[in-house]
Amino acid sequence: MTEQEPGISTPDLVALEASLSSKNKEMANKLTRDLLVVQNRLYAQLESLSWLQRRLVIKGQLPPLRGWATSPDVLLRLHAHVMEIRPDVIVECGSGASTLVIADALRQNGTGKLVSLEHSDHYGAQTMGTLQAEALEGWVDLRIGDLEAWEGEHLNPEDAEKPSRWYPVSLLEGVENVDLLWVDGPPGATCLFSRYPALPALADKLSPNAEVWMDDTIRQEEKDICERWAKDHGFEVEYYPLEKGLGRLVRSGSQGPTRSAYPANSAEQFPENHHPEHSVGLDFSLSDEERG
């Protein structure tokens, strides 16, 4: 007969085993849920990428859309919006995959111009190389300049460790009647609230029905910027629960785009607050908890 460990009774062992079994089951269930969330996120992006590729008229491939790059779900909506609204002037802060996608939509429209602000010679050269490979450079005015001190109002505290910097205001020379402002730069590491100057710098250059789109609104900093923009410049803001989040600002009282502004492809449409995968009967939108 095996001697029992001193100080541990049989009921205590049974309770410990039950507790460990419960914990193991709880951890297994959590792992399963986490795997399903990752699977759904991945599928949503693959589905958006598939729709996007169907819409694009390019010979090569898109740049990698992971890491810091704009996600396929946002690029899909961006392309659909440009083709539907047919803007004359678009300004983007931060070049990259979005530059190619917007330029493709403009070429398909046969009208419009994109002014792309970029602070990096390296990334600017990559963007221009991609545009030239697709014969899209004529649709884009790529303007490159090192970030410099921003003297205007900013959400970045005056005593912040990193001073406020933004693109040279001189890069905006000649820009007028902007129909869409797409904000995906400068990098967040530039300073606190690094994207804030975009709207103050361009507020008097926007057309009456202009929209402002902010990428990465899963970050509180970007949401804070959108809220301040809306308050100070007469916009209403709506957030879309995409992979990295999207904030869309429309002027108060403006009708904005029609509900057909977000077609899944040239033949199908989906409501603006839905995902492209809804068009095939699937729903992989993410809850706040899943996106956190």
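Side chains included, hydrogens not; waters and symmetry mates left out as well; all remaining heavy atoms used.
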Smallest separation among heavy atoms of Arg55 and Ala80, with atom names: NH2-CA, 3.3 Å
Residue pair Leu106 / Ile90, side-chain heavy-atom distance below 4.5 Å: yes
Electrostatic pair Asp232-Arg228, nearest N-O below 4.0 angstrom: yes
Non-hydrogen side-chain atoms of Trp213 and Leu180 separated by less than 4.5 Å: yes
Note, His119 side chain near Trp166 side chain (heavy atom, < 4.5 Å): no
Shortest non-hydrogen contact from Leu136 toward Ala103: CD2-O, 3.7 Å
Short side-chain to backbone donor-acceptor contact, Arg165 and Asp146, under 3.5 Å: no
Close side-chain approach of Val212 and Arg248, heavy atoms under 4.5 Å: no
CD1 on Ile58 to CZ on Arg107, rounded to 0.5 Å: 8.5 Å
Close side-chain approach of Trp229 and Val237, heavy atoms under 4.5 Å: no
Stepwise side-chain contact (heavy atoms from CB on, under 4.5 Å) test for Trp182 and Val91: CA-CA 6 Å; Trp182 162 245; Val91 172; over 6 Å; no
Side-chain H-bond candidate by donor/acceptor type, Trp51 with Gln53, under 3.5 Å: no
Same apolar cluster: Leu142 and Leu172, side chain cutoff 4.5 Å: no
Spatial distance of atom CD (Glu176) from atom CG (Asp88) [nearest 0.5 Å]: 13.5 Å
Min side-chain heavy-atom separation Asp141-Lys113 under 4.5 Å: yes
Side-chain (Glu222) to main-chain (Gly247) donor-acceptor, under 3.5 angstrom: no
Greater than 12 external heavy atoms within 6.0 Å of Gln220's CD: yes
Same apolar cluster: Leu56 and Ile102, side chain cutoff 4.5 Å: yes
In one Ile/Leu/Val/Met/Phe/Trp/Tyr side-chain cluster, 4.5 Å: Leu52, Leu246: yes
Ser252 side-chain N/O to Gly234 backbone N/O, donor-acceptor pair under 3.5 Å: yes
Over 12 non-hydrogen atoms of neighbours within 6.0 angstrom of OH in Tyr123: no
Met128-Val140 co-clustered via ILVMFWY side chain contacts under 4.5 Å: yes
Between CG on residue Leu117 and SG on residue Cys93, distance to nearest 0.5 Å: 5.0 Å
Donor-acceptor contact below 3.5 Å, side chain Glu134 vs main chain Lys59: yes
His233 side-chain N/O to Phe235 backbone N/O, donor-acceptor pair under 3.5 Å: no
Sidechain-backbone polar pair: Glu118 side chain, Ser120 backbone, donor-acceptor under 3.5 Å: yes
Distance-only side-chain donor-acceptor flag, Glu92 / Ser98, under 3.5 Å: yes
Heavy-atom closest pair, residues Val82 and Ala105: CG1-CB, 3.6 Å
side-chain contact (heavy atoms from CB on, under 4.5 Å) between Leu242 and Thr217, worked out: CA-CA 9 Å; Leu242 307 182; Thr217 54; over 6 Å; no
Smallest separation among heavy atoms of Ala97 and Leu75, with atom names: CB-CD1, 4.1 Å
Side chain to side chain, Leu171 and Val169, heavy atoms closer than 4.5 Å: no
Side chain proximity check, Glu236 to Arg251, heavy atoms < 4.5 angstrom: no
Backbone N/O of Glu153 and side chain of Trp150: donor-acceptor pair under 3.5 Å: yes
Closest non-hydrogen atom pair, Leu249 against Cys226: CD2-O, 3.7 Å
Distance-only donor-acceptor pairs under 3.5 Å for side chains of residues 189-208, two or more places apart:
| from | atom 1 | to | atom 2 | distance (Å) |
| --- | --- | --- | --- | --- |
| Thr190 | OG1 | Pro187 | O | 2.8 |
| Ser194 | OG | Pro186 | O | 3.3 |
| Ser194 | OG | Pro187 | O | 3.1 |
| Arg195 | NH1 | Asp215 | O | 2.9 |
| Arg195 | NH1 | Asp216 | OD2 | 3.2 |
| Arg195 | NH2 | Asp184 | OD1 | 3.1 |
| Arg195 | NH2 | Asp216 | OD2 | 2.8 |
| Lys205 | NZ | Val175 | O | 3.4 |
| Ser207 | OG | Val178 | O | 3.2 |
| Ser207 | OG | Asp179 | OD1 | 2.8 |

Pairwise distance OG1(Thr70) to CG(Leu100) - rounded to 0.5 angstrom: 11.5 Å
Shared hydrophobic cluster for Leu114 and Met83 (ILVMFWY, side-chain gaps under 4.5 Å): no
Criterion side-chain contact (heavy atoms from CB on, under 4.5 Å) on Arg219 and Lys244, from CA distance to verdict: CA-CA 8 Å; Arg219 298 195 298 238; Lys244 297 176 184 175; over 6 Å; no
Asn177 side chain to Val89 backbone, donor-acceptor under 3.5 Å: no
side-chain contact (heavy atoms from CB on, under 4.5 Å) evaluation trace for Arg143 with Ser116: CA-CA 6 Å; Arg143 304 183 179 187; Ser116 179; over 6 Å; no
Between His79 and Asp104, a side-chain donor and acceptor under 3.5 Å: yes
